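Everything numeric in this text was worked out from a predicted model, so none of it was measured. Only heavy atoms go into these numbers, but all of them, side chains included; no hydrogens, no water, no symmetry mates.
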Amino acid sequence: MNKRPLAVTIIACLFIVVGIAGAVAHLMEPRTAGSYDPLWAALVNVVALVSGIFMFRASNWARWLAIGWMLFHVVLSFFHSMSEVAIHCVFLAALVYFLTRPDVNRYFRA
């Protein structure tokens, strides 16, 4: 059995925590006329949760889902401030770096 790299453990835990916390926070938002639907925002966070869970199970698609999830946030941040874009780009770069290293590739290949 291939040992899980520490980077995968940390990232998977972060995605699980962010997924749960984000979904709960969005579901607790009051719905007002003309505002976005918190259910859609909660669903986006459930995607992070699923990605984190399945990274623990060495599902290769889950790491690519995590990268895609962060890329989605980079695109969304263009509708906000440039500082948000920069922060999300840094997170995306770190995610790509840590989830595509050779030891991580071996883990997800097993």
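- The two residues Tyr107 and Lys3 come nearest to each other via the heavy atoms CD1-O, 3.9 Å.
- How far CG of Asn60 is from CG of Leu99: 10.0 Å, rounded to the nearest 0.5 Å.
- To the nearest 0.5 Å, atom OG of residue Ser77 and atom CE of residue Met82 are 8.0 Å apart.
- Residues His73 and Ile87 fail the side-chain proximity criterion, which asks for heavy atoms closer than 4.5 Å.
- For the residue pair Val44 and Trp69, the shortest heavy atom distance occurs at O-NE1, 2.8 Å.
- Each of Leu27 and Ile20 belongs to its own hydrophobic cluster when Ile, Leu, Val, Met, Phe, Trp and Tyr are linked at side-chain heavy-atom distances under 4.5 angstrom.
- Atom CG of Leu71 and atom NE2 of His88 lie 11.0 Å apart (nearest 0.5 Å).
- Contact detail for Arg4 and Thr9: the closest heavy-atom pair is CD-OG1, 3.1 Å.
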request  = Start with the C-alpha gap between Cys13 and Phe56, add the side-chain angles, then the distance that decides, and say whether side chain to side chain contact (heavy atoms under 4.5 Å, CB included) holds.
outcome  = CA-CA 9 Å; Cys13 285; Phe56 274 124; 3.6 Å; yes
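- The shortest heavy-atom contact between Asn45 and Ala23 is CB-N, 3.5 Å.
- Taking CZ of Phe54 as the reference point, atom CZ of Phe108 lies at 12.5 Å (rounded to 0.5 Å).
- The structure places CZ of Phe15 at 8.0 Å from CG of Leu65, a figure rounded to the nearest 0.5 Å.
- Both Phe72 and Val85 are assigned to one and the same hydrophobic cluster, defined by single-linkage of ILVMFWY side chains at heavy-atom distances under 4.5 Å.
- Nearest heavy atoms, Arg63 versus Thr100: NH1-CA, 4.0 Å.
- Heavy-atom minimum distance, Gly52 versus Ala12: O-CB, 3.5 Å.
- Atom CD1 of residue Ile16 and atom CD1 of residue Ile11 lie 12.0 Å apart, to the nearest 0.5 angstrom.
- Every residue two or more places apart in sequence or in another chain was checked for a side chain to side chain donor-acceptor pair (under 3.5 Å) with Arg106, and none qualifies.
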